[in-house]
> 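Got a structure for you, questions after.
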Amino acid sequence: MKKFNVKLHVLAPLTALVVLFLWFVPTSFFGIDGLTVVQQRTIAIFAYAALMWMFEIIPAWATSVTTIVFLLLAVSNKGLANPDMGALVNFRELMASFADPIIMLFLGGFVLAIAASKVGLDVVLARVLLKPFGTNPKWVLLGFLTLISVMSMFMSNTATAAMMLAFLAPVLRTLPVDGGGRVSLAMAIPIAANIGGLGTPIGTPPNAIAIGQLAAMDINVGFGAWMIRFVPVVIIMILFAWWLLMFLFPFKAKDVKIVIEPDEHHQIDWQFWVVTVTFIITILLWMTGELTHLNSNVVALIPFAVFSLVGIFKREDFEKIDWHVLWMVAGGFAIGTALNKTGLAAALVEAIPFGSWSAIAVLIIAGLLGWLLSNFIANSSAANLLVPILAVVGTAMSEQLGAFGGVTTLLVCVAASTSFAMLLPISTPPNAIACSTGLIETRDMAKVGLIIGLVGIALAYAVIMVFPF
């Protein structure tokens, strides 16, 4: 007799029923004026992807691949839909999800990590950067969180996570395979990268989007003014995340020490120096993107080109790349494209009656909406969608919002909320990078992401309302 499988016998049929219901129910059921058939299909496919990712009925990458195929068939201009059903998505844009610039950054990050491991640079990095934090696992975890969050304030969150992946392996090798400490260290990458981006105006795109919108309204938010308010938020949240990770995923034994021994299998030869110099140049270019105008996604391919040219990265090394992570992320990008290009995202936001709510309700709902959207589409897309609309709402409600800091508080809080979106592996690129370690289960990421998200949003709101711009 076959063993009863909850995923197969309960969650899979439940998901199918929900998707079929959303697909075939009359459009009037959703209560959105002018909802098209294409938009309804997008809702159904979105529900399929969200439930499959959450329940892990099939591997996350398989959910992403099937989601893209469903979108190509159901809502693209080369699928089974026609223009009478609503705005169609160009099939090239959906297929481009497999080669999105962020995917290229992932690829470059993986190549950098593989090359660093081949020549022993990962061990050198881990020993140097973590030395100030000693050998006690809990302090090493705090060191991880601190280093990643600080770097993320000044360079791409994804680039930071990709770089830190390069020296995570030597640290993990020192811990028991069945302890929670390995999960804590892997989870520290997305948590610190996402939170750290909040600390400066250039740390993450939504910050710049909000500041740019305010500047267009003749409201100036300075670099220092932003950091004075949000660096303390980052510090508090990093300390909270440190406690939370140790509570949920404790290290197996208190007497375990993280001692990274020199790698005697690698020599300091020309390959080591090529990887080291390329690594340093890549980081510098990531950190100075505002000056060089070089996109971080483009910079990420420089190591790939260099290592391929000199023969450090070989054909067999392609097998070490976590291709399943790349395809998993592609599904998230495809969902975001469909939500935007079909007009569904805008329709959902416009259907919310902000004008009839109290000021405090608008502030809270706007922040939660920004957080929720950013868990499924890029945080920059969520900010680009919400900020212009909320700028109009905030201006119209200037008197009611005055007691809370006006439209500035509204837009800044929405931008801040997107930094705490980390529920799923596809929510942010750092989340996906952490999942490439194979140590994190979706339910664990969702649990941590929910707690960090709600606490972080509440703290950010409290700081801005007590110390408005």
Side-chain angles (χ1 to χ4, degrees), residues 61 98-130 144 147-148 151 155-174 182 185-186 188-190 193 260-286 296-330 425 429-440:
W61 64 267
F98 287 113
D100 186 273
I102 295 293
I103 296 289
M104 296 301 104
L105 196 154
F106 270 75
L107 184 61
F110 287 148
V111 169
L112 199 59
I114 290 168
S117 178
K118 286 185 70 173
V119 302
L121 178 61
D122 57 343
V123 174
V124 174
L125 280 172
R127 294 188 67 194
V128 171
L129 293 178
L130 294 177
F144 249 82
L147 285 171
I148 298 170
M151 290 178 180
M155 58 190 280
S156 159
N157 297 352
T158 309
T160 301
M163 183 187 69
M164 298 305 286
L165 185 67
F167 71 88
L168 178 63
V171 179
L172 294 179
R173 285 198 293 267
T174 67
R182 291 161 63 90
L185 287 167
I189 292 178
I260 303 171
E261 300 292 344
D263 194 336
E264 298 177 354
H265 300 290
H266 297 103
Q267 296 180 345
I268 306 299
D269 55 11
W270 69 269
Q271 291 189 337
F272 176 87
W273 288 114
V274 168
V275 174
T276 300
V277 172
T278 304
F279 199 102
I280 293 171
I281 291 174
T282 301
I283 293 171
L284 290 174
L285 290 175
W286 273 335
S296 60
N297 307 316
V298 174
V299 171
L301 292 179
I302 293 176
F304 196 2
V306 172
F307 301 152
S308 299
L309 181 66
V310 300
I312 294 175
F313 190 86
K314 302 180 183 298
R315 184 174 65 178
E316 56 267 24
D317 291 322
F318 278 101
E319 299 175 5
K320 302 175 185 176
I321 293 175
D322 294 303
W323 296 104
H324 68 282
V325 175
L326 302 184
W327 302 149
M328 176 185 71
V329 175
N431 281 31
I433 287 174
C435 285
S436 72
T437 64
L439 298 171
I440 302 173

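Fair warning: this is a prediction, and the values are worked out from it, not measured in the lab.
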> Name every donor-acceptor pair, under 3.5 Å, that has one atom in a side chain of residues 301-318 and the other anywhere in the protein, sequence neighbours excluded.
| from | atom 1 | to | atom 2 | distance (Å) |
| --- | --- | --- | --- | --- |
| S308 | OG | F304 | O | 2.7 |
| K314 | NZ | G311 | O | 2.9 |
| D317 | OD1 | K320 | NZ | 3.1 |
| D317 | OD2 | K118 | NZ | 2.9 |
| D317 | OD2 | K314 | N | 2.8 |

> Given V119, which of F279, W270, F272 fulfils the side-chain contact (heavy atoms from CB on, under 4.5 Å) condition?
F272

> Can you name the residues that form a ring-ring contact (aromatic ring centres under 6.0 Å, His included) with F98, not counting sequence neighbours?
W327

> For M104 and A300, which heavy atoms make the closest approach, and how far apart are they?
O-CB, 4.2 Å

> Could you pull out all residues at least two apart from I189 that satisfy side-chain contact (heavy atoms from CB on, under 4.5 Å)?
I148, A161, L168

> Measure the spacing between CG of L112 and CD1 of I283 and express it to the nearest 0.5 Å.
7.5 Å

> Which pair of heavy atoms, one from T278 and one from T282, lies closest together, and at what distance?
O-OG1, 2.7 Å

> Give me the atom names and distance for the closest heavy-atom approach of R182 to L439.
O-CD1, 3.6 Å

> Identify the two heavy atoms, one from P190 and one from N431, that lie closest to each other, and give their separation to 0.1 Å.
CB-OD1, 3.1 Å

> Between atom CD1 of I114 and atom CD of E319, what is the distance when rounded to the nearest 0.5 Å?
10.5 Å

> Just do the side chain to side chain contact (heavy atoms under 4.5 Å, CB included) check on T276 and I280 with the steps written out, would you?
CA-CA 6 Å; T276 300; I280 293 171; 4.0 Å; yes

> At their closest point, which heavy atom of A186 faces which heavy atom of T437, and how far apart are they?
CB-OG1, 3.8 Å

> Less than 4.5 Å apart, side chain to side chain, heavy atoms only: is that true for L107 and W323?
yes

> Which atom names give the shortest non-hydrogen contact between A434 and I440, and what distance separates them?
CB-CD1, 3.7 Å

